[in-house]
Every structure is written in C-alpha cells, then in structure tokens.
Amino acid sequence: MKMALQEARAAFDAGEIPVGAVVVCRNRVIARAHNLTERLGDVTAHAEMQAITSAAASLGGKYLTDCTLYVTLEPCVMCAGAIGWAQLSRVVFGASDEKRGYRRFAPGALHPKTQVEQGVLADECAALMKDFFVKKR
C-alpha cells in the first residue's frame, strides 16, 4: 500500500485526483499506476484501470488470478467491473469512497472468489484526498 500511496502522491503533484494502484503477482510488483484522467482527457483512465492494463501486458494475458491489487481509494463501479473481469484474487484498498465506491452501487461487481481487505493506511489515503480537494477549492 505504501507504493500505491507513492503513486497517489505523483497524481497529486500532477494535478490528478490522488489515487494510486499497484498490482503484485507472486510477491513481485508487476504494475504501478495513478490516475491519468486529466492528462489523457479520458474519464476511464483511473489508477486501477491503468494498473490492470499494465499487469495484463506484463503477464501476457487478461486474467490476473494470482494477483493482488493495492489501491488507495475504494474502487468505483467501473473499476470494480474491470477487477471482476480480470479475476483478481485479492483487492486491498485504503480509504472508503462513500459517494462513488462500488460497495454502495454494485457490491456484487467483483469476482465471487476475490478477497477484499479495506482500511489499510486509510487515514493517510483519506488525508491525501482531502488535501487535494482543499487545494482545488
């Protein structure tokens, strides 16, 4: 999660909503990413989507069944759908997203075998988000 926070800080510094993601497969980091929605002008360029795409390319296939996704914010519905289709074994997220998180709108979006752990470094993840939006306003 500390690596995901580093990615989130890079997003913050670039003026992106500070969400970072890291994919680990068999104890090896295979992908790191952060939000690129502003830079790319693409609403789908969330950290999770970028990390999933990079991880799939690294492994040479679309399924990430032996992988864990670490992400600083609870995934949205779109990202949860992609996580489900990629069949990630585990998702670990930091801060909850009460407004747009998948658990509110689509709690069944993840693959049924995906294990979820929440609240890892949640205070640090939430503080970065709050700082970002305070600066924006």
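Keep in mind the model is a prediction, meaning the values are calculated, not measured.
Note: the hydrophobic cluster containing Met49 does not contain Ile30 (ILVMFWY, side chain heavy atoms under 4.5 Å, direct or indirect links). Hydrophobic clustering, with ILVMFWY side chains joined whenever heavy atoms are under 4.5 angstrom apart, keeps Val19 apart from Phe105. Under the 4.5 Å side-chain contact rule for hydrophobic residues, Val29 and Val23 share a cluster. Residues Ile52 and Tyr63 do not share a hydrophobic cluster, defined by chaining ILVMFWY side chains whose heavy atoms lie under 4.5 Å apart.
Residues in residues 41-65 take part in no salt bridge (charged side-chain N to carboxylate O under 4.0 Å, His left out) pair, two or more places apart or across chains.
Closest heavy-atom contact between Ala122 and Gly94: CB-O, 3.5 Å. Between Ala4 and Val22, the shortest heavy-atom contact is N-CG2, 3.5 Å. Taking both residues in full, the closest heavy atoms of Ala95 and Ala126 are given as CB-N, 3.9 Å, listed atom of the first, atom of the second, then distance. A pairwise comparison of heavy atoms in Ala33 and Ala51 identifies CB-N, 3.6 Å as the closest pair.
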Hey, can you pull the donor-acceptor pairs under 3.5 Å for the side chains in residues 67-86, sequence neighbours left out?
unit_1, atom_1, unit_2, atom_2, d
Thr72, OG1, Gly20, N, 3.1
Glu74, OE1, Asp97, N, 3.0
Glu74, OE1, Arg103, NE, 3.3
Glu74, OE1, Arg103, NH2, 2.9
Glu74, OE2, Tyr102, N, 3.3
Glu74, OE2, Arg103, N, 3.0
Glu74, OE2, Arg103, NE, 3.0

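At distances below 3.5 Å, at least one donor-acceptor pair connects side-chain atoms of Glu16 with backbone N or O atoms of Arg39. Asn35 places a side-chain N or O within 3.5 Å of a backbone atom of Ala47 that can act as its donor or acceptor partner. Under the 3.5 Å distance criterion, the side-chain polar atoms of Ser58 are left unmatched by any main-chain donor or acceptor of Ser54.
Two residues are said to be in side-chain contact when any heavy atoms from C-beta on lie closer than 4.5 Å; Met1 and Glu124 fail this criterion.
Applying the side chain to side chain contact (heavy atoms under 4.5 Å, CB included) criterion to Gln115, with sequence neighbours excluded, gives Arg90. With sequence neighbours left out, His34 forms a side chain to side chain donor-acceptor pair (under 3.5 Å) with Glu7. Listed by chain and number, the residues in a salt bridge (Lys or Arg N to Asp or Glu O under 4.0 Å) with Arg28 amount to none (sequence neighbours excluded).
Leu128 contributes atom CG, which lies 11.5 Å from atom CD1 of Ile17 (distance to the nearest 0.5 angstrom). Between the CG atom in Leu59 and the CG atom in Leu64 there is a gap of 6.0 Å [rounded to 0.5 Å].
Hydrophobic cluster membership for Leu40: Leu36 (Ile, Leu, Val, Met, Phe, Trp, Tyr linked by side-chain heavy atoms under 4.5 Å, directly or transitively).
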